[in-house]
Amino acid sequence: KTVLAVKNLTKIYGQEANQVVALDHVDLELATGEIVMVMGPSGSGKTTLLQLLGGLEPPTEGEIKLRDGEWQQFYREPQISHYRRDTIGFVFQFFNLISALTAEENVALPLILAGESKKKITTEAKELLQLVGLSERAKHLPSELSGGQQQRVAIARALIHKPALLLADEPTGNLDSRTSKDILDLFVKMRDQLGQTILIVTHDPYVATYGDRVVLFRDGRMVDEYRAEQIVGQ
Ligand code: ADP
Ligand code: ADP
């Protein structure tokens, strides 16, 4: 079942003579509970894809469809901020936690900002910290956590409002290989236990082996696609 689909997604930066077509009429359909890896050389449009799907930038052109809804023009202000808040969770290479807040407070932050009740916030933050295996560190500050633990907190924070799509930009780019594997196993757990749909941008072929599907970008276009079976078989 489709959780989110886009078509003709296009982003052109700049004006007239120095225009850059960063993304060129991309069609992409994401099924519930799949992990999709986005690969491609530098400048191929991966970051732009993530920014558009995440509602951080408006596309030049494109349509979007959520679950079994209708195709519609991709969101603009003011809907795009609702979309960003309700539909998308974000995980970054450098964790982006708030250093003055504990692990639990970082996880709870999206719900606090949404004005949820204190009871609901505490319960759900604790549940998610448990799911990512960090219950014992709930009261620790980011500076008291390892890189892998910080990324777990960031993943819990990204999932607390149950986003349709979790987007991750080089989520293991700042971690050693052992810790990277733990984080990738955690993404798999989120897929298997929550049915979470996850899209990960990576340049690391090892990371890509964790995908159910790998899509390859070049010059703003999706030029190839592999299924997990094909990748493992190589
Ligand atoms: P990747 O993430 O695959 O390296 P990007 O999406 O960052 O690729 O970039 C795709 C193309 O769009 C590149 O040519 C890049 O220079 C250009 N680009 C990206 N962001 C901007 C921007 N804000 N302004 C102008 N050009 C941009
Ligand atoms: P990555 O390392 O993820 O491929 P880039 O280094 O291509 O990312 O770009 C990082 C950010 O800088 C992008 O999110 C984009 O918005 C911006 N950017 C990239 N290329 C340009 C450009 N030519 N002009 C202005 N901003 C750019």
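The model shown is predicted, which means the values in this text are computed figures rather than measured ones.
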* Would one find more than 12 heavy atoms of other residues, nucleotides or ligands at under 6.0 Å from atom CZ of Arg85? -> yes

* To do: Return the set of residues passing side chain to side chain contact (heavy atoms under 4.5 Å, CB included) with Ala138 (not counting sequence neighbours), or none when no residue passes.
  => Glu104, Leu129

* To do: May I ask you to test the Asp27-Asn8 pair for a side-chain heavy-atom distance under 4.5 Å?
  => yes

* Check the surroundings of atom CG in Asp219: do more than 12 heavy atoms from other residues, nucleotides or ligands lie under 6.0 Å from it? => no

* Asked: What are the two closest non-hydrogen atoms of Leu166 and Ala158, and how far apart are they?
  -> CD1-CB, 3.5 Å

* **Gln15, CD: over 12 other non-hydrogen atoms inside 6.0 angstrom** => no

* Asked: In terms of heavy-atom contacts, does CZ of Arg218 have more than 12 from other residues, nucleotides or ligands at under 6.0 Å?
  -> no

* Same cluster or not: are Phe74 and Ile12 linked, directly or through other Ile, Leu, Val, Met, Phe, Trp or Tyr residues, by side-chain heavy atoms under 4.5 angstrom apart? -> no

* Asked: Are Ile80 and Leu165 connected in a single hydrophobic cluster, I mean Ile/Leu/Val/Met/Phe/Trp/Tyr linked by side-chain heavy atoms less than 4.5 Å apart?
  -> yes

* Starting from the C-alpha separation in whole Å, work towards a yes-or-no answer on side-chain contact (heavy atoms from CB on, under 4.5 Å) for Leu199 and Thr197. => CA-CA 7 Å; Leu199 185 135; Thr197 305; over 6 Å; no

* Asked: Salt bridge check: are Glu34 and Arg191 linked by an N-O gap of less than 4.0 Å?
  -> no

* Taking the six-membered ring of Phe187 (Phe, Tyr or Trp), confirm whether the NZ or CZ of Lys189 is under 6.0 Å from its centre and within 45° of its axis. => no

* Asked: So if you build clusters from Ile, Leu, Val, Met, Phe, Trp, Tyr with side-chain heavy-atom gaps below 4.5 Å, do Val153 and Leu141 land together?
  -> no

* Check whether more than 12 heavy atoms from other residues, nucleotides or ligands sit under 6.0 Å from atom CG of Asp68, and answer yes or no. => no

* To do: Could you pull out the closest heavy-atom pair between Ile121 and Ala108, with the gap in Å?
  => CG2-CB, 3.4 Å

* Determine, using the 4.5 Å side-chain heavy-atom cutoff (strictly less than), whether Met37 and Ile88 are members of one ILVMFWY cluster. => no

* Asked: Should the heavy atoms of other residues, nucleotides or ligands under 6.0 Å from CZ of Arg221 be counted, would the total exceed 12?
  -> no

* **Sidechain-backbone polar pair: Gln130 side chain, Glu127 backbone, donor-acceptor under 3.5 Å** => no

* Within the side chain of Ser81, is there an N or O that forms a donor-acceptor pair under 3.5 Å with the backbone of Pro78? -> yes

* With sequence neighbours excluded, give me every ring pair (Phe, Tyr, Trp, His ring centres under 6.0 Å) pair touching residues 189-213. => Tyr206-Tyr210

* In terms of hydrophobic clustering (I, L, V, M, F, W, Y; side-chain heavy atoms under 4.5 Å; direct or indirect links), are Met39 and Val91 co-clustered? -> yes

